[in-house]
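Below is one structure, written out as structure tokens, with a few remarks after it.
Each chain gets a letter, A, B and so on, in the order the sequences are listed, and its residues count up from 1. Since the model is a prediction, treat every value here as computed from it, not as a measurement. Computed over heavy atoms, backbone and side chain alike; hydrogens, waters and symmetry mates excluded.
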Amino acid sequence: MFALIDANNFYVSCERVFNPALAQTPMVVLSNNDGCVVARSNEVKALGVKMGAPWFQLRELAEKHGIRAFSSNYSLYADMSNRMMNVLATYSPDQEVYSIDECFLVMAGFDHIDLSASGQRMRSQIRQWLGLPVCVGFGATKTLAKLANHCAKKNLAGQDGVCDLRQLDADERSRIFAALPVNEVWGVGRKLTEQLTRRGIQTVEDLRRANPETLRQAFSVVLERTVRELNGVSCLSLEQVAPNKQQIMSSRSFGTYVYDLPTLSEAVATYIARAAEKLRRQASLAGVVQVYIRTNPFKDNVPQYQRGLNIPLPEATNDTSRLIRAAHWGLKRIYQPGFAYQKAGVALLDLSPQAHAQMNLFSTTPNRAALMRVMDQINTAYGRGTLHSAAEGVRQSWRMKRDRMSPAYTTQWDQLPEVN
DNA sequence: CTATAACTCTCAA
DNA sequence: CTAACGTTGAGAGTTATAG
């Protein structure tokens, strides 16, 4: 028995909490570099703006309807998310934080009890304590809880932002599922929708009634599980503790095009530093460093180039400067002059636990774990980047654009809003 | 020929 | 005035390679 609680238009709603004057304003939150729309208010959705739409293409529409746009304010959203998860954790001992704005709860012992009232309590509590609107879905499996949440958001069954699918009788449920396109199902994306449609499976109900073995043959074990889950057979369990990452990536588009190797090197060093921090936080070592650069694939009138390289390390490490050295070595090999680079990225691969590191018999490099520890401590205490590698550069002219940021209302004293 | 590694594709937020 | 299109991670399936 699962619940899935999901915030409505999460980033937009976070902005509105601290700027209530925006409550009715059509508004969006943009991705990094102020590039694409990643959150839309209902007013903007009603105008037909799609998720992921490039902001510059919406200029005319935005002007016409007075759409306000904000840069992503991740420190604000992460803080609001933590508060929301803490409140929801009081409703069940078993919680899986699935993403920044949603979590699953296991409601053990409530198998045959209508939980609508519980759902309403969650909603009003989070509304009152945090100012955020959320919807709640209940179902016998994770996939059904997700679907129930969708129904709650669209008010298809149940009411006022809560839907308990288990309370519907079979006919009613079939009617609702038959009216939902198959792509509303968790795990059914663009490609699968296309292929399923060709086989005559167009609605959620079609998929629920499909033969799981046949679909496993034709597609994958993943889709088989989905079909079973739609029929109330739980195949996906709650994952309460996030396992360590198997790979850690850091990549960004630049605020302006970059042409030269020294500048690319700065960016790559900066990305490595971020990735290495994450690596140390989970007490792992990286055995391989990957580095890649690319031009802007959307600009078809300029020469295109993209390349990446994996650099195996002689000895697994989480030492930032050693990782930077490897990445720079790789970057020099893939760099070609004469291109307008738009993005660079790094990844740390072949991760292993620090606790049982494989040593190198011939290693002469000093162990600088203590140095890394101090660096992390200082940066935690005084803010990211307080202490950093010289290789990261100082001016960082390539830094991404964030021209439309709201204040860090909840995490910076000097950015607290004034109260009149 | 088999086991593993590396790569590709799809999906999610 | 012009140009301006995200990031991170997982899992399954397929292909390449090593032994």
Side-chain angles (χ1 to χ4, degrees), chain A residues 4-11 28-40 49-60 62 69 71-72 74 77-78 81 96-104 142-143 146 149-150 182-196 215-226 235-236 239 242-257 271 274-275 278-279 282 287-288 290 292 294-302 308-310 312 340 342-351 400-404:
Chain A
L4 189 272
I5 302 94
D6 190 318
N8 305 350
N9 317 332
F10 183 61
Y11 295 171
V28 297
V29 174
L30 303 176
S31 66
N32 278 343
N33 240 2
D34 294 342
C36 298
V37 171
V38 293
R40 305 155 292 162
V49 174
K50 294 279 177 272
M51 185 65 165
W55 172 240
F56 78 93
Q57 288 177 3
L58 299 175
R59 223 195 57 186
E60 219 168 287
S71 303
S72 287
Y74 282 110
Y77 311 149
S81 173
E96 173 183 339
V97 178
Y98 178 68
S99 75
I100 193 160
D101 79 324
E102 65 186 293
C103 72
F104 289 100
K142 282 176 138 185
T143 304
K146 271 269 201 188
N149 188 280
H150 175 80
V182 71
N183 61 304
E184 292 299 345
V185 175
W186 189 29
V188 178
R190 206 183 65 234
K191 290 283 178 183
L192 269 179
T193 301
E194 203 179 287
Q195 296 175 70
L196 288 171
L215 287 189
R216 180 185 189 138
Q217 289 298 316
F219 297 94
S220 70
V221 64
V222 181
L223 191 60
E224 177 190 6
R225 285 189 198 123
T226 298
C235 303
L236 306 171
E239 318 230 340
N244 280 349
K245 306 281 183 238
Q246 301 170 27
Q247 53 178 44
I248 294 171
M249 311 184 56
S250 177
S251 69
R252 292 268 174 297
S253 301
F254 304 130
T256 56
Y257 291 114
Y271 301 161
R274 290 303 321 285
K278 294 188 211 168
L279 185 67
Q282 66 169 42
V288 174
Q290 178 183 82
Y292 73 87
R294 64 152 220 227
T295 52
N296 183 352
F298 295 101
K299 264 188 106 140
D300 41 20
N301 56 343
V302 301
L309 188 65
N310 282 12
Q342 181 238 11
K343 182 173 181 173
V346 303
L348 303 178
L349 312 170
D350 189 19
L351 306 189
M400 68 182 181
K401 210 165 48 173
R402 285 167 109 182
D403 293 340
R404 306 158 169 275

* Summary of protein contacts for nucleotides 8-13 of chain B, nucleotide by nucleotide, where a base hit scores B, a sugar-phosphate-only hit scores S (4.0 Å, heavy atoms) -> --SSSS

* **Selected nucleotide, minimal atom distance to Arg59(A) side chain, candidates dA10(C), dG6(C), dA4(C)** => dA4(C)

* Which nucleotide, dG6(C), dC5(C), dT8(C), lies nearest any side-chain atom of Phe56(A)? -> dC5(C)

Sequence neighbours left out, what passes salt bridge (Lys or Arg N to Asp or Glu O under 4.0 Å) with [X]? Give chain and number order.
| X | answer |
| --- | --- |
| Asp34(A) | none |
| Arg274(A) | Glu277(A) |
| Arg216(A) | Glu224(A) |
| Lys343(A) | none |

* Phosphate-side-chain proximity, Tyr257(A) and dA3(C), N/O vs OP1/OP2 below 4.0 Å -> no

* To do: Quick one: list whatever passes ring-ring contact (aromatic ring centres under 6.0 Å, His included) with Phe10(A), sequence neighbours left out.
  => none

* Tell me, please, which residues at least two apart from Tyr292(A) pass ring-ring contact (aromatic ring centres under 6.0 Å, His included). => none

Students often get this wrong, so: under 4.0 angstrom with heavy atoms, is [X] touching a base, only sugar-phosphate, or nothing?
| X | answer |
| --- | --- |
| Arg274(A) | nothing |
| Asp34(A) | nothing |
| Gln57(A) | base |

* **Whole-Å distance separating the CG atom of Asn310(A) from the C1' atom of dA5(B)** => 12 Å

* Between dT4(B) (C1') and Asp350(A) (CG): distance, integer Å -> 14 Å

List the atom pairs, donor and acceptor, that lie under 3.5 Å between side-chain atoms in residues 184-193 of chain A and the rest of the protein, sequence neighbours left out.
{"from": "Glu184(A)", "atom 1": "OE1", "to": "His150(A)", "atom 2": "ND1", "distance (Å)": "3.4"}
{"from": "Trp186(A)", "atom 1": "NE1", "to": "Tyr98(A)", "atom 2": "OH", "distance (Å)": "3.3"}
{"from": "Thr193(A)", "atom 1": "OG1", "to": "Gly189(A)", "atom 2": "O", "distance (Å)": "2.5"}

* To do: Could you pick out which residue, Lys245(A) or Cys36(A), lies toward the 5' side of DNA chain C when each is mapped onto its nearest nucleotide?
  => Cys36(A)

Polar atoms only, N or O, under 3.5 Å: list the protein pairs with nucleotides 13-19 of chain C and their distances.
none

* Positions of residues 248-256 of chain A (non-hydrogen atom under 4.0 Å from DNA chain C), listed by number -> Ile248(A), Met249(A), Ser250(A), Ser251(A), Arg252(A), Ser253(A)

* Structure fact -> Dot-bracket for DNA chain C, 5' to 3', Watson-Crick and G-U pairs with both distances under 3.5 Å, [ ] for crossing pairs, | for partner on another strand, reads ......|||||||||||||

* Asked: Taking only residues two or more places apart in sequence, or in another chain, which ones meet Arg40(A) in a side-chain contact (heavy atoms from CB on, under 4.5 Å)?
  -> Val28(A), Val37(A), Val44(A), Lys45(A), Val49(A), Met51(A)

